[in-house]
Amino acid sequence: MRDEIQREEMLEQESVVERFDKKVVDQEVIDKVATEEYKYGFYTDLEEDRIPPGLNEEIIAIISAKKNEPEWLLEWRLKAFRVWQKMEEPTWQNFEYGPIDYQGITYYAAPKSKADGPKSLDEVDPEILDMYEKLGIPLNERAALAGVAVDAVLDSVSVGTTFKKTLAEKGIIFCSFSEAVQEHPELVRQYLGSVVPSTDNYFAALNSAVFSDGSFCYIPKGVRCPMELSTYFRINAANTGQFERTLLIADEGSYVSYLEGCTAPRRDENQLHAAVVELIALDDAEIKYSTVQNWYPGDKEGRGGIYNFVTKRGACRGKNSKISWTQVETGSRITWKYPSCILQGDNSIGEFYSVAVTKNYQEADTGTKMIHIGKNTRSTIVSKGISAGFGQNTYRGQVKIMKSAEGARNYSQCDSMLIGDKCGAHTFPYLEVKNSTAQIEHEASTSKIGEDQIFYCRQRGLSAEDAVSMIVNGFCKEVFRELPMEFAVEAQKLLAVSLEDSVG
Amino acid sequence: MSQPILEISNLHAHVEGNEILKGINLTINQGEVHAIMGPNGSGKSTLAQVLAGHEAYEVTEGSVRYRGLDLLELDPEERAREGVFLAFQYPVELPGVNGMYFMKAALNAVRKHRGLDEFDAADFLTLVREKTQVLDIPKELLNRPVNEGFSGGEKKRNEIFQMALLEPSLAILDETDSGLDIDALRIVADGVNKLKRPDNAALVITHYQRLLDYIVPDFVHVLSGGQIIKSGGKELALELEEKGYDWVKELSREGTVEAV
């Protein structure tokens, strides 16, 4: 059995090599990138079911009732809310933003046709499907070809989950969070808040109180999920916040690769996005979680854009378990996000690969935490920050080796690239080591795209834009290598678009 | 009578306020190989950079016609697409940028400009295979990120390889021989010779005569103080080797400048 798995892994590695050969070809897609500033800035006119703005216990009760939730979940929400009211918004991050009017936000907005819930994709509002077409999401038949199972969350509710049947045959549960609450309450109750407690931090507490939907995934013992699972989030309605919650459990010996993408329409006001993602990996399980975040970044003067406050954390509970985060962050006016790993099981592995791009007036404060508890736990951090225009990019990371973490190892690499002379890059690595057997390496670099590099490319016939996009993609290669193929191509395109006009 | 590819007349250029080129006159016809020799600081590399369009150099006077075009009006990438190739003295590293991808993009930019169909991966690999056989250069060089961690010799060979793929009308080699051992020198020179065609031309810039044992020029020009102070056939290189640059400097001071 073990041999078989090893063989499968080897085969997979081979196919990865092939894919990268193919990528040489696919990269040409970059050349054809559209010229729009933010191509996902369209708005779809849908009939909505929304509740009045404001936040109080009554609103929370309404949300809970709309979702037909059990009593314990309402209590859980209310507890979070009561604590949140006493908490203070964090101020330690390396950016400032205007005050958020929490009473001015609408906490629940759903496309109306969802009222009784679509039974299949045929029942989904064609306008929504049309919108996903625009987003290039393979929601219908194309999904089959692409081998991607997609759960799409529009504003607050999940629109449709493809491939449920194929997955169900393997015992895999992949559905919207609301559905999981109805169909698998025992699993939800067991794991919800077990990695990110409802009162973990200001934004996690807010999310726990008002979360509207999200994705749920459970991979049973010994099952290798046969396809990439994928969720697309989109904020459509005005003046709403999006508070989705993702819970992913990989039972013993299982494997899953999960993708997450996000976009939002162009609007002049700021919108709040505060999500929570919890991952749990039991013995010998592996979770690979990839994100391409492209929320609306605001305009050239810094007007509008999404405030993105996200808490993502994975627990490697079992021995030999592994959680790998890969993120490409190109959107949002501000980003506050630290996908982390709690390495509890012996020999467990945590990884964090990140590309964060800030241009115009975007600001990102992002990084990771690796908490080593188990013996021989290992973690790898590779962070690539790119700043252009007036963009500010901060890497903030913590590596904590607990006393029990005999033989723990960490490798961190933080590279920053500056385009132009008005942007900034900052690095705040924190280290806390309580076991002397630990081995820790940290490397950091800051570079500027050199004029000589651009000239060299131009002398070979490439335009300055293509040269920059190529150099930046080369800079990010170690991270893109970690992304599934489809996402890698998407990420490269995004990078090319977001860096247009940054040079010259 | 062959057609002129490049006609430089009275070219003056500044960098950071210093005049480096002080009136260069040079005509290169199809099928010809010209060598430019000169002491350090004479303006050899500046001439190469100005022809390639580096923006740090400001042309203050004179003109450059290239195959009927006003070369100085074109952006660097337009010059490249029109067939001007510069083999850099110090090729830069592009970390993480795959060499195959880089050259395929470059080749297609050139092909597109000329109204030709772009090459797909299969066409491109066929071309690479063909050129590696002609040039005796391992194609593994192209599988690595462009120039990243290459030895000096590998970088120079890679430049020649790129040149072979792009098939320029005018190849400018800026001290391609510097830092090469004799074997690498032979491979590089051999490459240049094999790429010679009746309808293209090469401008070989070098400090030492050594390279010209392998690339035999039709004309040799001596550049000193920003001007061509002496021109002649290939025997001029040998004479220079024997008498040293002081000899030509002496000539120029006496005012016996011979220009072609």
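By convention in this document, chain letters (A, B, ...) are assigned in the order of the sequence lines, proteins followed by strands, and residues within each chain are numbered from 1. Computed from a predicted model, the values in this text were never measured in an experiment.
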Pick from [options] with the largest number of heavy-atom pairs that fall under 4.5 Å of chain A:
| options | answer |
| --- | --- |
| B:Ala109, B:Pro168, B:Gly96 | B:Gly96 |
| B:Arg79, B:Glu148, B:Lys112, B:Glu77 | B:Glu77 |
| B:Glu93, B:His113, B:Met103, B:Gln162 | B:Gln162 |
| B:Ala52, B:Pro76, B:Ala106 | B:Pro76 |

For this session: Sort A:Cys457 into side chain, backbone, both or neither according to what part of it lies under 4.5 angstrom from a heavy atom of chain B.
Result: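 Both backbone and side chain.
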Can you tell me how far apart [atom1] ([X]) and [atom2] ([Y]) are? Round to the nearest 0.5 Å.
| X | Y | atom1 | atom2 | result |
| --- | --- | --- | --- | --- |
| B:Arg81 | A:Arg460 | CZ | CZ | 14.0 Å |
| B:Glu78 | A:Arg458 | CD | CZ | 9.0 Å |
| B:Glu159 | A:Tyr456 | CD | OH | 3.5 Å |
| B:Glu55 | A:Phe455 | CD | CZ | 8.0 Å |

For this session: Answer with side chain, backbone, both or neither: which region of B:Pro145 has an atom nearer than 4.5 Å to a non-hydrogen atom of chain A?
Result: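 Interface part for B:Pro145: neither.
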Exercise. Which atoms of B:Leu86 come close to chain A, meaning under 4.5 Å heavy atom to heavy atom: side chain ones, backbone ones, both, or neither?
Worked result: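 Contact with chain A: backbone and side chain both.
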Exercise. Is there a side-chain contact between A:Met470 and B:Tyr101 (heavy atoms, below 4.5 Å)?
Worked result: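 Yes, close enough: below the 4.5 Å cut-off.
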Exercise. In this structure, are over 12 heavy atoms from other groups packed under 6.0 Å from B:Asp117 atom CG?
Worked result: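 12 or below, so no.
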Exercise. More than 12 non-hydrogen atoms from neighbouring residues, nucleotides or ligands closer than 6.0 Å to CZ on A:Arg409, yes or no?
Worked result: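 No - once you tally the heavy atoms of other residues, nucleotides and ligands closer than 6.0 Å, there are 12 at most.
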Exercise. Judged by atom type as modelled, is there a donor-acceptor pair below 3.5 Å linking the side chain of A:Gln459 to the main-chain atoms of B:Val84?
Worked result: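 At least one qualifying donor-acceptor pair exists.
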Exercise. So, B:Tyr90 versus A:Asp452: side-chain donor-acceptor pair below 3.5 Å or not?
Worked result: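 Side chains of B:Tyr90 and A:Asp452: no pair found under 3.5 Å.
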